[in-house]
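Presented below is the structure to which this report refers.
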Amino acid sequence: MAATKNSEEMSGLSDALAVIGAGLGALIGIYLAVFSADPVMKFHGALLGATAVLCALYVISSMAGKSTTERPFYHDGPIKFASVAAVFWGIAGFVVGAIIAWQLAFPALNFDLPWTSFGRLRPLHTSAVIFAFGGNALIATSFYVAQRTCQARLFGKWSPWFVVIGYNLFIVIAGTGYILGVTQSKEYAEPEWYADLWLTIVWVVYLIVFGGTLLKRKEPHIYVANWFYLSFILTVAMLHIVNNLAVPVSFTGTKSYALFSGVQDAMTQWWYGHNAVGFFLTAGFLGMMYYFIPKRAERPVYSYRLSIVHFWSLIFLYIWAGPHHLHYTALPDWAQTLGMTFSIILWMPSWGGMINGLMTLSGAWDKLRTDPVIRMMVVSVAFYGMSTFEGPLMSIKAVNSLSHYTDWTIGHVHSGALGWVGMISFGALYCLFPWLWNRRGLYSMRLVEWHFWISTIGILLYITAMWVSGILQGLMWRAYDELGFLKYSFVESVDAMHIPYIIRAGGGTLFVIGALMMAYNLWRTARGDEPVDAKNQPRVAAAPEIRATLAPAE
């Protein structure tokens with residue numbers, strides 16, 4: 001009885017803190033909406049205030065209707081929210097990417113409007129795909145994996161909800177800011193100071209929730225996927241804070257000035273930029289790979305020892321590779337060479353992880369024929385291996401002199417983003433939806449099959465077109481005539497890209513169509529519609545749902 005009473009008191013304290021925090025957010029938002037002279041800050045203040053008021057009302061309503069009846073051990077509400085958000089933002093980001101790809105092929109599609117110009121839609125696309133789609137997929141899977149492998153409920157009552165809602169509020173603020181012309185013009189770090197500050201608060205709570213769940217685990221061993229997720233959370237926090245150090249012009253305005261300048265700013269930016277790829281788009285999704293491929297294949301990880309070597313070597317080496325983005329610049333030559341050297345060494349741990357993921361299917365290769373979800377995840381690992389071979393190759397100075405600033409880099413990035421990040425996320429979402437909503441299986445495996453082939457063909461069209469156009473660009477830019485003058489003007493090189501740009505846009509459009517198929521399939525699955533091909537679906541059970549009589553504070 002005493003324990004129950006203490007739990008009820010802790011629950012009441014959590015509710016009170018949640019209402020106070022939401023109230024404070026509402027006050028700040030209303031103040032900015034009323035007193036800021038900057039119209040974009042007014043709009044974002046109103047967004048913050050409205051979101052905080054809705055959250056406060058939700059907490060108060062839950063307090064009024066709270067029950068002490070038995071409920072599931074795992075806290076899956078925030079995971080469902082983040083999973084749905086990942087699907088929504090993924091489609092939004094892919095659609096914007098297809099639009100700007102068609103704009104490059106046919107510039108008239110800019111419509112001569114500032115809000116639909118390539119310059120504003122391009123950061124909207126990258127942020128929507130990387131941070132909105134990828135970030136929500138990482139939050140959803142990390143919360144799911146941590147609970148199941150630790151046999152522990154997520155730490156905190158409202159803090160997991162704060163993470164998913166706060167993170168998506170950041171996405172909305174950043175995305176609308178790009179369209180309205182608010183940016184600090186840093187690659188993968190475009191949001192202005194106030195959005196960065198809000199994300200820092202959300203990210204610290206994310207670390208507390210994930211770390212707290214690990215600390216209260218019932219399993220003595222921390223599964224390797226959680227090590228990758230933890231390294232992603234910790235390193236991204238460090239990268240984000242250092243790269244976004246800035247001085248705002250006014251606390252009620254959107255404009256700020258970066259703390260660094262010149263080559264120091266460039267070095268800091270690409271220390272951040274490359275490691276955002278390394279820890280956000282690699283380490284986090286490797287955590288996804290190390291849980292969902294063994295789970296779906298119903299096989300243990302091929303080599304647990306290799307997974308540990310993969311983890312430690314990857315995180316020690318990746319952090320040094322950023323300078324290879326700054327070859328032939330004002331950055332000291334020794335720093336460029338250091339970045340190139342560590343990039344080449346990264347071949348080994350990256351391919352060790354790829355081999356570990358692929359060989360996990362030992363004894364279960366027949367599943368590639370019967371299960372398109374497994375096929376999707378295995379193809380993602382193959383793209384991971386290809387991208388992590390191509391990246392170090394392009395970091396070599398002699399190769400970089402041809403590839404840098406060309407579409408070859410765009411093709412490389414998208415072979416990783418669409419092939420590795422996209423496919424492994426699709427596979428994880430196809431696993432999560434039936435497990436979270438307790439369904440017999442996906443609504444249609446045939447739709448998964450179609451999604452796999454359409455998306456794969458789209459990716460291949462995209463990256464091959466960019467390889468061809470990129471190498472062609474590089475060769476045209478360095479071609480000289482017999483008098484030593486440039487043989488081609490820049491406009492001539494742009495004209496030569498027209499056909500590859502049409503192919504690239506077509507491939508991106510196919511990828512969008514595949515994602516729309518996935519969204520329809522997952523919607524029908526979550527709604528509870530009977531699978532149309534249940535007999536053809538593999539019976540992959542989720543982790544058993546532990547039930548216990550928990551006090552509300554848990």
Side-chain angles (χ1 to χ4, degrees), residues 72 74-88 90 133-134 136-150 223-226 228-229 284-301 357-358 360-361 364 367-368 370-381 384 420-452 455 514-515 517-529 531 533-534 536-545:
Y74 295 128
H75 189 14
D76 286 342
I79 302 174
K80 290 182 177 180
F81 184 99
S83 299
V84 173
V87 176
F88 172 81
F133 167 66
N136 274 288
L138 287 168
I139 291 170
T141 56
S142 65
F143 282 173
Y144 184 90
V145 172
Q147 289 187 101
R148 269 63 181 184
T149 57
C150 294
Y223 183 60
V224 66
N226 292 318
F228 279 97
Y229 282 124
F285 290 93
L286 285 169
M288 206 180 289
M289 179 196 82
Y290 273 117
Y291 181 84
F292 287 95
I293 288 184
K295 185 69 180 172
R296 187 77 184 186
E298 297 183 299
R299 293 290 187 277
V301 172
L358 293 177
T360 296
L361 266 76
K367 292 179 183 288
L368 287 175
T370 58
D371 186 358
V373 176
I374 273 282
R375 195 184 312 143
M376 193 169 273
M377 291 194 281
V378 167
V379 166
S380 78
V381 177
Y384 170 67
W420 159 236
V421 172
M423 289 295 213
I424 194 70
S425 299
F426 295 156
L429 289 168
Y430 279 129
C431 291
L432 278 180
F433 269 70
W435 296 347
L436 290 171
W437 276 270
N438 195 26
R439 306 302 183 212
R440 289 179 57 194
L442 289 165
Y443 170 69
S444 172
M445 292 297 281
R446 178 63 64 86
L447 281 175
V448 181
E449 191 88 40
W450 275 96
H451 179 197
F452 169 78
S455 294
M517 287 181 172
M518 179 189 71
Y520 175 75
N521 201 0
L522 295 179
W523 169 64
R524 295 293 294 267
T525 301
R527 197 173 71 168
D529 293 345
D533 47 11
N536 297 326
Q537 298 208 31
R539 287 290 186 157
V540 183
E545 182 65 23

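Quick caveat: nothing in here was measured; it's all calculated off a predicted structure. Computed from heavy atoms alone, side chains included, the values below leave out hydrogens, waters and symmetry copies.
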Any residue meeting salt bridge (charged side-chain N to carboxylate O under 4.0 Å, His left out) with Arg375, in chain and number order, not counting sequence neighbours
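Salt bridge (charged side-chain N to carboxylate O under 4.0 Å, His left out) list for Arg375, sorted by chain: Glu449.
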
Considering all heavy atoms, the nearest Met288-Ile424 contact
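Looks like SD-O, 3.8 Å.
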
Which pair of non-hydrogen atoms, one from Ser425 and one from Phe285, has the smallest distance, and what is that distance?
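Residues Ser425 and Phe285, closest heavy atoms: OG-CE2, 3.1 Å.
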
List in chain and number order the residues that pass side-chain contact (heavy atoms from CB on, under 4.5 Å) with [X], two or more places apart in sequence or in another chain; answer none if no residue qualifies.
X: Ser455; result: Met423, His451, Phe511
X: Trp437; result: Lys80, Val84, Phe433, Arg439, Ala526
X: Val145; result: Thr149, Ala225, Asn226, Tyr229, Tyr291, Phe292
X: Tyr520; result: Tyr443, Leu447, Trp523, Arg524

Check side chain to side chain donor-acceptor pair (under 3.5 Å) between [X] and all other residues, then give those that pass, not counting sequence neighbours.
X: Asn438; answer: none
X: Tyr290; answer: His310, Asn356
X: Ser142; answer: Tyr206
X: Thr360; answer: none

Drop me the distance from Leu429's CG to Leu442's CG, to the nearest 0.5 angstrom.
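CG of Leu442 is found 10.5 Å from CG of Leu429.
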
Mind checking the CZ-CH2 spacing from Arg148 to Trp435? Nearest 0.5 Å is all I need.
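It is 9.5 Å, given to the nearest 0.5 Å.
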
Do the non-hydrogen side-chain atoms of [X] and [Y] ever get within less than 4.5 Å of each other?
X: Lys367; Y: Val378; answer: no
X: Phe452; Y: Val379; answer: yes
X: Asn521; Y: Tyr430; answer: yes

Partner residues of Tyr384 under the ring-ring contact (aromatic ring centres under 6.0 Å, His included) criterion, sequence neighbours left out
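Tyr384 satisfies ring-ring contact (aromatic ring centres under 6.0 Å, His included) with Trp420 once adjacent residues are dropped.
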
